[in-house]
Structures are given as structure tokens and as C-alpha cells.
Peer 1: 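Before anything else, here's the structure in question.
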Amino acid sequence: VPQGPSTVDGVDFAVYLAGRCKPVGYDIADDVERVFDLRESRAVESEFEARVLGSGTAVSGTPVSAAHALGMMENALGDAYAGVGTIHLSPLTATILLGDQLIVQVGGKFFTHLGTKVVIGTGYDSTAMYGTGDVTIYRSTKVNVESPGMDTNTVNVLVERAYVVAGDCVSLRLAVPPPTQQSSGG
């Protein structure tokens, strides 16, 4: 009897942001760190999508709507994964599914009505939906490096953090059709 996932799809990478400014009464380091904190999750999602999710197994079939895509992904996850799956999608797709009341928010987290976890992120392609097993994220402490640009009289700042992101057992992908325009009756 297997005791855990047979495979793990994961990647290691660094997320970084750099800034440069003339140091006249201005703390560029704080600004670069603030922007890094605001955009860090987008960079992690984008990298995980590019290196793992985007090359996942295609779910067979062609959905006719975001709702249909959600049902197909839940079905595919149920076939391929023994635990509670995770669906990754963009804010565009999430807005459509929330409007149709097909995903719900519980305690600050999103789920389908069947209990599948839903991760909404701006780093995911708005025309795709992805399915994985549990996702584990390891991250290092944030590193801030400042160096003077002597030749340009500037301060250069680099903020970075190392990541390992892994999804166990399964990685699925599915194209989501664009929303259709609905006309009012008449």
C-alpha cells in the first residue's frame, strides 16, 4: 500500500526586484522592499505556472464555459489524485465562477462546492485552469542588498528570496474559454 505521493512536481527559483535612485532624502530600499512584498506572490505563481503547471497533462475535452471547465477539472482531479485537489486560476476566471456561485469563500480561503481548494492569483494565465495535488512552498528569508553606483551617484537595491514550490502527484491543465457577451432580451 503506497504511503504517499509517487511523484512530486516541483521547482526551485529566486524571485527578485531591483531599484535604483539618487539618494537625496529618499529611502529607495524601503520602496523596493514594499513593491517586492506586493508583487512577490504574482512572481511565484508565474514561475510555478511556467515551469510546472503549463507542462502538465492536458485534460481531455473542450469546455464551453468557465463553469464547464471547473467541472471537467474537478472530475479529472478526482480521477488522478487520491486527496483533496487544488485548482489554480486567474482573477478573471475566479470572478466568473464567483458570479455564478460555483466557488465560495470560507475563512479567507476559496473552495468549490465539492471541497476542492481554489487558489486565485494574478500570476496565472487568464485563459487557463490548472489542477494539482497539495502544493508545498518553501521560502528563504528575504535578502536586501544595497550598493552604491559611484559612477552615477545612485543607490542600487536588490531584494530577493529563494523558493522551492512542489505539487504532489498530479499536474493538470485545461484551456478556459473566454466569457461570452450576453445580450438582454428583446
Peer 1: Which heavy atom in Ala94 sits nearest to a heavy atom in Ile103, and how many Å separate them?
Peer 2: O-CD1, 3.9 Å
Peer 1: Ignoring hydrogens and angles, state whether a donor on the side chain of Asn156 or Glu146 is under 3.5 Å from an acceptor on the partner side chain.
Peer 2: no
Peer 1: Are Phe48 and Ile137 joined in one hydrophobic group, where the rule is that I, L, V, M, F, W and Y side chains link up if heavy atoms are under 4.5 Å apart?
Peer 2: yes
Peer 1: Looking at CE of Met129 and CE of Met73, how far apart are the two atoms once the value is rounded to the nearest 0.5 Å?
Peer 2: 6.5 Å
Peer 1: Can you check whether Ser90's main-chain N or O pairs, donor with acceptor, with Thr93's side chain at less than 3.5 Å?
Peer 2: no
Peer 1: Look at Lys142 together with Glu160 and state whether they make a salt bridge at an N to O cut-off of under 4.0 Å.
Peer 2: no
Peer 1: Please say yes or no: joined through hydrophobic side-chain contacts below 4.5 Å, possibly via intermediate residues, are Val143 and Val35 part of one cluster?
Peer 2: no
Peer 1: So how far is it from Glu47 CD to Leu53 CG, rounded to the nearest 0.5 Å?
Peer 2: 11.0 Å
Peer 1: Could you give the distance from OG1 (Thr86) to CZ (Phe110), rounded to the nearest 0.5 Å?
Peer 2: 14.5 Å
Peer 1: Counting only heavy atoms not in Phe13, do more than 12 sit closer than 6.0 Å to its CZ atom?
Peer 2: yes
Peer 1: Could you measure the distance from the CD atom of Glu74 to the OG1 atom of Thr112? Nearest 0.5 Å is fine.
Peer 2: 3.5 Å
Peer 1: How close do Ser126 and Leu92 get, heavy atom to heavy atom, and via which atoms?
Peer 2: CB-CD2, 3.9 Å
Peer 1: Just verifying a value: how many Å separate His88 NE2 and Glu45 CD, rounded to the nearest 0.5 Å?
Peer 2: 9.5 Å
Peer 1: Any side-chain to backbone donor/acceptor pair from Tyr16 onto Ala162? Under 3.5 Å, distance only.
Peer 2: no
Peer 1: Within the structure provided, determine whether Arg34 and Asp30 are in side-chain contact (heavy-atom separation under 4.5 Å).
Peer 2: no
Peer 1: Hey, which of Ile87, Thr57, Val59, Leu70 is the one that makes side-chain contact (heavy atoms from CB on, under 4.5 Å) with Leu174?
Peer 2: Val59
Peer 1: Heavy atoms only: give me the nearest Gly115-Val84 pair and the separation to one decimal.
Peer 2: O-CG1, 3.4 Å
Peer 1: Got Thr122 and Pro91 here, is their nearest side-chain heavy-atom distance under 4.5 Å?
Peer 2: yes
Peer 1: Are Glu49 and Asp125 side-chain neighbours, meaning at least one heavy-atom pair lies under 4.5 Å?
Peer 2: yes
Peer 1: Taking the side chain from Asp12 and the backbone from Tyr163, do they hold a donor-acceptor pair closer than 3.5 Å?
Peer 2: no
Peer 1: Please verify the inter-ring angle class for Tyr130 with Tyr124; under 30° counts as parallel, over 60° as perpendicular, anything in between as tilted.
Peer 2: tilted
Peer 1: How far apart are the closest heavy atoms of Ala18 and Leu158, and which atoms are they?
Peer 2: CB-CD1, 4.1 Å
Peer 1: Any link between Val135 and Val119 through a network of hydrophobic side chains (Ile, Leu, Val, Met, Phe, Trp, Tyr) touching at under 4.5 Å?
Peer 2: yes
Peer 1: May I ask you to decide if Arg42's main-chain N or O and Ser46's side chain share a donor-acceptor pair within less than 3.5 Å?
Peer 2: no
Peer 1: Which atom pair, heavy atoms only, marks the closest approach of Val104 to His113?
Peer 2: CG1-CE1, 3.4 Å
